[in-house]
Amino acid sequence: MFVLSTVVRDPNTLPPARRSAVIAPLDVAVTALVRDGDTIALEGFTHLIPFAAAHELIRQRRRRLTLVRMTPDVIYDQLIGMGCARRLVFSWGGNPGIGSLHRFRDAVEHGWPEPLELEEHSHAGMANRYAAGASGLPFAVLRGYAGSDLVGQTESIRSIACPFTGESLAAVSALNPDVAVIHAQHADTRGNVQLWGISGVQKEAVLAARRSLVTVEELVDRLEPRPGAVFLPAWAIDYVSVVPGGAHPSYAHGYSERDNDFYLAWDGISREREAFCEWMEANVLAA
Amino acid sequence: MSSRPEPDWTAEEMMTVAAARALCDSAVCFVGIGLPSTASNLAVRLHAPNLVLVYESGTLGAKPEFLPLSIGDGILAETADAVVGVVETFNYWLQPGRIDIGFLAGAQLDRFGNINTTVIGDSYETPRVRLPGAGGAPEIAASCREVLIIMRQSPRTFVERVDFVTSVGYGRGGGERDRHGFVGAGPTMVITDIGVLEPEPKTRELVLRRLHPGVTVEDAVAATGWALVASDDLEQTPPPTALELTTLRELEQTKAGRPTANVS
């Protein structure tokens with residue numbers, strides 16, 4: 001005699017540790033995901049930079065973070081100046097089109113508010129490190145860094161011989177942050193995410209990370225098909241938070257314009273420690 | 001000293017115009033923000049309407065109606081033939097040598113065209129000045145078919161040896177690029193506010209090839225931190241034409257999409 005079993009397999013029999021996005025307020029998501037000492041990547045290449053999430057990290061006084069980002073622009077200047085960072089993994093640290101990041105420079109040149117360790121790459125190297133991390137590989141191979149003094153400064157750059165031709169190539173270790181945070185235009189009510197416009201390395205960063213948070217402009221019932229858009233399924237994400245304007249002063253294509261005036265103003269706000277602290281107190285901590 | 005009237009253009013304008021002239025129509029150009037972006041957009045409006053602008057934000061074939069402030073301004077994505085991710089930009093488009101011209105600048109440049117954008121000072125750990133870092137430059141310098149460098153010339157910035165080699169020009173000269181296996185030819189022109197430097201074919205040392213109007217060899221030597229050699233067939237850059245100047249000034253007025261933006 002046979003016992004009739006259910007026809008369809010019970011999802012609870014899937015292996016554990018599968019993700020499924022939880023839609024939650026930003027403060028709840030940040031508390032759940034980020035611990036002191038974590039390695040965290042907030043990505044967005046000029047576009048869709050997750051500023052609101054960074055501000056929540058600052059308000060929650062996260063400390064000793066290893067901050068990973070190709071272009072640690074104003075967003076990491078704020079985190080570094082507020083003493084959240086112990087180490088920076090990056091490829092270009094400036095205020096785009098304007099000049100220096102004064103808080104980053106103060107940390108490197110004078111150790112204020114705390115010394116900052118650097119792990120420095122090129123854009124190509126960082127992008128490939130994320131791609132390796134997203135692919136579950138220990139390292140990536142590229143033609144890069146040859147003759148550059150970066151090779152002597154950065155442990156995560158090595159050389160490797162091509163097993164087929166013997167050619168010497170650069171190898172960079174994979175990036176697998178504890179947490180990745182990105183901003184996108186849309187999520188649906190199940191937590192599937194869609195972003196479009198300049199898409200940087202956000203997809204790679206989320207897939208490379210152990211945990212992830214996506215802040216979005218808007219929650220929609222159904223995602224519209226959009227050719228060329230990046231789609232991240234709910235099962236590849238941990239938390240989604242609805243934060244309209246969460247990329248300001250950067251922008252969300254289709255929702256807002258880049259606030260170039262703010263980037264210009266940041267040069268003056270961030271130049272001196274006191275003015276910087278006052279601005280952060282009034283605009284981030286008290287917010 | 002000649003008694004001719006002061007020119008109606010600035011040295012910076014001459015530099016930008018000279019850089020625009022170095023871009024030929026239909027070339028594929030990897031554009032950085034600042035002077036390279038201005039020069040490329042100027043060339044598109046003058047003699048190179050089919051110049052293909054690739055910004056490292058992954059915008060292939062961008063056709064901005066105004067000068068963007070950053071490499072990721074929305075106008076680049078809106079006008080591009082395609083917007084691709086950063087991994088694709090560097091791996092598929094730059095690395096195999098598909099880009100004709102790469103534009104670079106830096107805080108320091110040495111006599112062999114090596115560029116420093118990392119640190120000023122003797123020590124990497126405790127730099128006198130911490131600069132932004134490499135960005136896309138090391139691979140642009142290695143893999144574009146040729147590299148144009150655009151930089152204001154002074155003995156502080158044009159140095160015998162850069163404090164840190166971020167991006168390789170010709171290393172210590174001669175055939176060093178070949179030993180690294182680079183796809184591209186390296187810097188073919190250094191365009192400054194004084195004139196144009198080009199690598200000597202054998203040694204690859206940068207020599208003075210062209211002077212902008214009103215500048216002397218002595219001025220060029222005084223603005224260089226190494227013993228600058230003038231080429232035997234030194235030429236003079238033709239001054240900016242009225243059309244070049246008008247077009248450049250109109251373009252500058254549009255920076256970041258607004259007529260009043262004042263960005264240095």
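Chain A is the first sequence line, chain B the second, and so forth, proteins listed ahead of strands; every chain is numbered from 1.
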When you check the gap from the basic side-chain N to the acidic O, do B/Asp100 and B/Arg145 get nearer than 4.0 Å? yes
B/Arg152 bridged to B/Glu12 by N-O distance under 4.0 Å: yes
Considering only heavy atoms and a distance below 4.5 Å, find which of [options] pairs most often with chain B.
options	answer
A/Gly147, A/Pro72, A/Gly94, A/Pro96	A/Gly147
A/Val230, A/Asp267, A/Val151, A/Val108	A/Val108
A/Leu101, A/Asp149, A/Leu142, A/Thr46	A/Asp149
A/His110, A/Gln153, A/Glu167	A/Gln153

Is A/Phe90 in contact with chain B via its backbone, its side chain, both, or neither, using a 4.5 Å heavy-atom distance? side chain
What part of A/Arg143 gets within 4.5 angstrom of chain B, counting heavy atoms only: side chain, backbone, both, or neither? both
For the residue pair B/Phe158 and B/Trp226, categorise the inter-ring angle as parallel (less than 30°), tilted (30 to 60°) or perpendicular (more than 60°). parallel
Residue among B/Glu56, B/Arg128, B/Arg177 with most heavy-atom pairs under 4.5 Å to chain A: B/Glu56
Taking 4.5 Å as the heavy-atom cut-off, does anything in residues 112-127 of chain A contact chain B, and if so which residues? A/Leu118, A/Glu120, A/His121, A/Ser122, A/His123, A/Ala124, A/Ala127
Heavy atoms under 4.5 Å from chain A: which residues of residues 76-89 of chain B carry them? B/Ala77, B/Glu78, B/Val83, B/Val84, B/Gly85, B/Val86, B/Val87
I need the single residue from B/Arg172, B/Arg161, B/Arg204 that forms a salt bridge (charged side-chain N to carboxylate O under 4.0 Å, His left out) with B/Asp110. Which is it? B/Arg172
B/Gly106 to B/Ile115 - nearest heavy-atom pair and separation: CA-CG2, 3.8 Å
Are A/His102 and A/Trp266 close enough that their ring centres sit under 6.0 Å apart? no
Between B/Phe164 and B/Tyr124, does the ring centre distance come in under 6.0 Å? yes
